[in-house]
2 protein chains.
Amino acid sequence: MAKFRLDEVDHQILDMLIDNTRTPFTDIAKKLLISAGTVHVRVKKMEEAGIIRGSSLTLDYVKLGYAFIAYVGIFLEKTHQTKFVIERLNEIPNITVAHVTTGKFNIFCKVRAKDTKHAKDIIFRIDDIDGVARTETMISLEESINDKKRLMHSIFNEM
Amino acid sequence: MAKFRLDEVDHQILDMLIDNTRTPFTDIAKKLLISAGTVHVRVKKMEEAGIIRGSSLTLDYVKLGYAFIAYVGIFLEKTHQTKFVIERLNEIPNITVAHVTTGKFNIFCKVRAKDTKHAKDIIFRIDDIDGVARTETMISLEESINDKKRLMHSIFNEM
DNA sequence: GGTGAAAGCACCGAGTT
DNA sequence: AACTCGGTGCTTTCACC
């Protein structure tokens with residue numbers, strides 16, 4: 001994993017691709033006054049360096065029938081088996097995010113489900129994992145912010 | 001917002017594009033035994049229907065110098081001004097996610113920062129917002145799971 | 001709503017500066 | 001490292017089914 005330094009041109013390329021991964025390289029080239037070949041080489045280098053890990057669609061989960069979001073804080077038994085619990089959580093596709101944390105909880109995860117009934121099943125499944133003492137659920141009433149693009153734009157324009 | 005019904009072919013298309021938004025439509029066509037033109041039309045319809053909201057790069061935040069993640073629970077004053085607080089949070093690009101929640105906290109958000117010092121500045125900024133009574137921070141020691149693709153694949157293969 | 005072909009471009013590697 | 005250029009292959013449209 002070699003040290004990799006992004007310059008202004010790299011930032012601008014990422015800044016455009018973040019909003020639309022299918023932006024033609026020729027468009028980027030035109031805007032940055034470089035050749036499309038250069039854009040191509042730069043993107044490939046960033047992929048090889050692992051800066052760009054992949055791409056993904058942003059879908060409307062509500063329209064797909066997955067309107068329910070909850071955050072679940074997990075308290076582990078004294079005899080911590082964090083790794084084991086994480087592995088079990090990993091088997092549940094409805095858990096989209098999990099962190100080992102300091103503070104109130106030992107583990108903290110995000111659950112996406114169709115509805116409350118569906119969510120209940122998932123949370124019970126978490127409660128049943130060996131080593132989980134108890135859980136505390138926070139139900140999302142509204143996803144007010146969900147936007148990593150703002151952060152990216154600010155990163156690329158501050159440096 | 002018209003009712004929109006996805007069929008098996010749509011699911012398969014999304015299933016492939018989720019892993020790589022630049023998957024050539026000709027590849028998808030070959031695999032699904034349909035024409036590239038059809039893939040094109042289907043994707044366009046899903047975009048118009050709002051199922052596909054956009055596309056985004058998955059970047060390595062750590063390599064970009066943003067290794068710090070924390071979740072911050074926000075307690076509001078009795079005289080709730082949720083909307084106002086959300087608007088203020090929206091002005092901080094380092095807040096990538098925020099939810100209005102039931103349970104322990106009134107609002108719950110995710111913070112991405114360079115390091116602890118940087119995070120402190122952001123959390124102080126949250127504390128300073130009018131209407132915020134106090135906050136409770138959970139620092140991520142490890143991002144053990146971060147994968148919405150698993151959920152998507154399970155959605156597209158269960159139906 | 002799907003097809004297949006054709007035109008227009010984009011991608012991407014090779015060779016050059 | 002970046003540019004130009006050309007072959008290859010992708011996208012997108014359109015007439016037809």
Side-chain angles (χ1 to χ4, degrees), chain A residues 1-60 63-65 149 152 155-157 159, chain B residues 1-60 63-65 149 152-153 155-159:
Chain A
M1 203 194 297
K3 182 76 180 164
F4 195 87
R5 189 99 199 97
L6 297 176
D7 67 10
E8 189 51 36
V9 174
D10 293 321
H11 280 165
Q12 296 294 331
I13 292 172
L14 291 178
D15 206 45
M16 291 189 76
L17 286 177
I18 275 166
D19 285 329
N20 175 12
T21 57
R22 286 185 101 100
T23 307
F25 289 3
T26 47
D27 285 7
I28 298 173
K30 246 175 271 171
K31 184 151 177 194
L32 303 185
L33 305 175
I34 56 179
S35 79
T38 302
V39 176
H40 176 238
V41 170
R42 296 246 186 178
V43 169
K44 217 165 113 188
K45 277 191 185 162
M46 288 191 280
E47 282 170 351
E48 281 161 7
I51 303 270
I52 297 176
R53 290 162 61 149
S55 60
S56 194
L57 291 182
T58 308
L59 300 178
D60 188 317
K63 286 186 181 155
L64 288 170
K149 291 180 186 181
M152 288 296 115
I155 291 177
F156 298 142
N157 295 312
M159 291 171 175
Chain B
M1 202 193 297
K3 182 75 181 166
F4 194 87
R5 188 102 200 95
L6 297 175
D7 68 9
E8 190 50 36
V9 174
D10 292 321
H11 279 165
Q12 296 294 332
I13 292 171
L14 290 178
D15 206 45
M16 291 188 76
L17 286 176
I18 276 165
D19 285 331
N20 175 12
T21 58
R22 286 184 101 101
T23 308
F25 290 1
T26 46
D27 285 6
I28 298 174
K30 247 175 269 170
K31 185 152 177 192
L32 303 186
L33 305 175
I34 54 179
S35 76
T38 301
V39 176
H40 178 239
V41 170
R42 295 248 187 176
V43 169
K44 217 164 113 187
K45 278 191 184 161
M46 290 192 279
E47 282 171 352
E48 281 162 6
I51 304 270
I52 298 175
R53 290 161 62 148
S55 59
S56 193
L57 291 181
T58 308
L59 299 178
D60 189 317
K63 286 185 180 155
L64 288 169
K149 291 180 185 181
M152 289 294 115
H153 289 310
I155 291 177
F156 298 141
N157 296 312
E158 84 183 12
M159 291 173 176

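Values in this document were obtained by computation on a predicted structure and should not be read as measured data. All chains are named by letter (A, B, ...) in the order of the sequence lines, taking the proteins before the strands, and each is independently numbered beginning at 1.
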Terminal helix-axis angle for the helix from C:dG1-D:dC17 to C:dT17-D:dA1, with five pairs defining each axis and rounding to 10 degrees
30°

Below 4.0 angstrom from OP1 or OP2 of C:dG1, is there any side-chain N or O of B:T38?
no

Below 4.0 angstrom from OP1 or OP2 of C:dG1, is there any side-chain N or O of B:R42?
no

For DNA chain C, which residues in residues 52-59 of chain B have a heavy atom at a distance below 4.0 Å?
none

Does anything in residues 20-30 of chain B reach DNA chain C, meaning a heavy atom under 4.0 Å, and if so which residues?
B:R22

Contacts of type side-chain contact (heavy atoms from CB on, under 4.5 Å), residue B:S55, not counting sequence neighbours
A:N20, A:T21, A:L57, B:T21

If every non-hydrogen atom of [X] is compared with every non-hydrogen atom of [Y], which pair is closest and at what distance?
X	Y	value
A:F156	A:H11	CD2-CD2, 3.3 Å
A:V9	A:L32	O-CD1, 4.1 Å
A:M16	A:T23	O-OG1, 3.7 Å
B:A29	B:A36	CB-N, 3.5 Å

Residue list, salt bridge (Lys or Arg N to Asp or Glu O under 4.0 Å) with B:R22, at least two apart or on another chain:
none

Atom [atom1] of [X] to atom [atom2] of [N]: distance rounded to whole Å?
X	N	atom1	atom2	answer
B:K45	D:dT13	NZ	C1'	15 Å
B:I34	D:dC10	CD1	P	15 Å
A:E47	C:dC11	CD	C1'	13 Å
A:R5	D:dA1	CZ	C1'	18 Å
A:L33	D:dT4	CG	P	12 Å
B:M16	D:dC10	CE	C1'	15 Å

So, using side-chain hydrogen bond (donor to acceptor under 3.5 Å, both in side chains) as the criterion, who are the partners of B:D19 when residues are at least two apart?
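B:D19: side-chain hydrogen bond (donor to acceptor under 3.5 Å, both in side chains) contacts with B:H153.
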
Return all side-chain donor-acceptor pairs below 3.5 angstrom for residues 41-52 of chain A, not counting sequence neighbours, or 'none' if the list is empty.
residue: A:R42; atom: NH1; partner: A:D7; partner atom: OD1; Å: 2.7
residue: A:R42; atom: NH1; partner: A:D7; partner atom: OD2; Å: 2.9
residue: A:R42; atom: NH1; partner: A:D10; partner atom: OD1; Å: 3.1
residue: A:R42; atom: NH1; partner: A:D10; partner atom: OD2; Å: 3.3
residue: A:R42; atom: NH2; partner: A:D7; partner atom: OD2; Å: 3.3

Sub-3.5 Å pairs of nitrogen or oxygen atoms, protein against nucleotides 13-17 of chain C:
residue: C:dG13; atom: OP2; partner: A:K44; partner atom: NZ; Å: 3.1

Which pairs, with at least one residue in residues 26-36 of chain B and sequence neighbours excluded, count as a side chain to side chain donor-acceptor pair (under 3.5 Å)?
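Residue pairs with at least one partner in residues 26-36 of chain B: B:S35-B:T38.
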
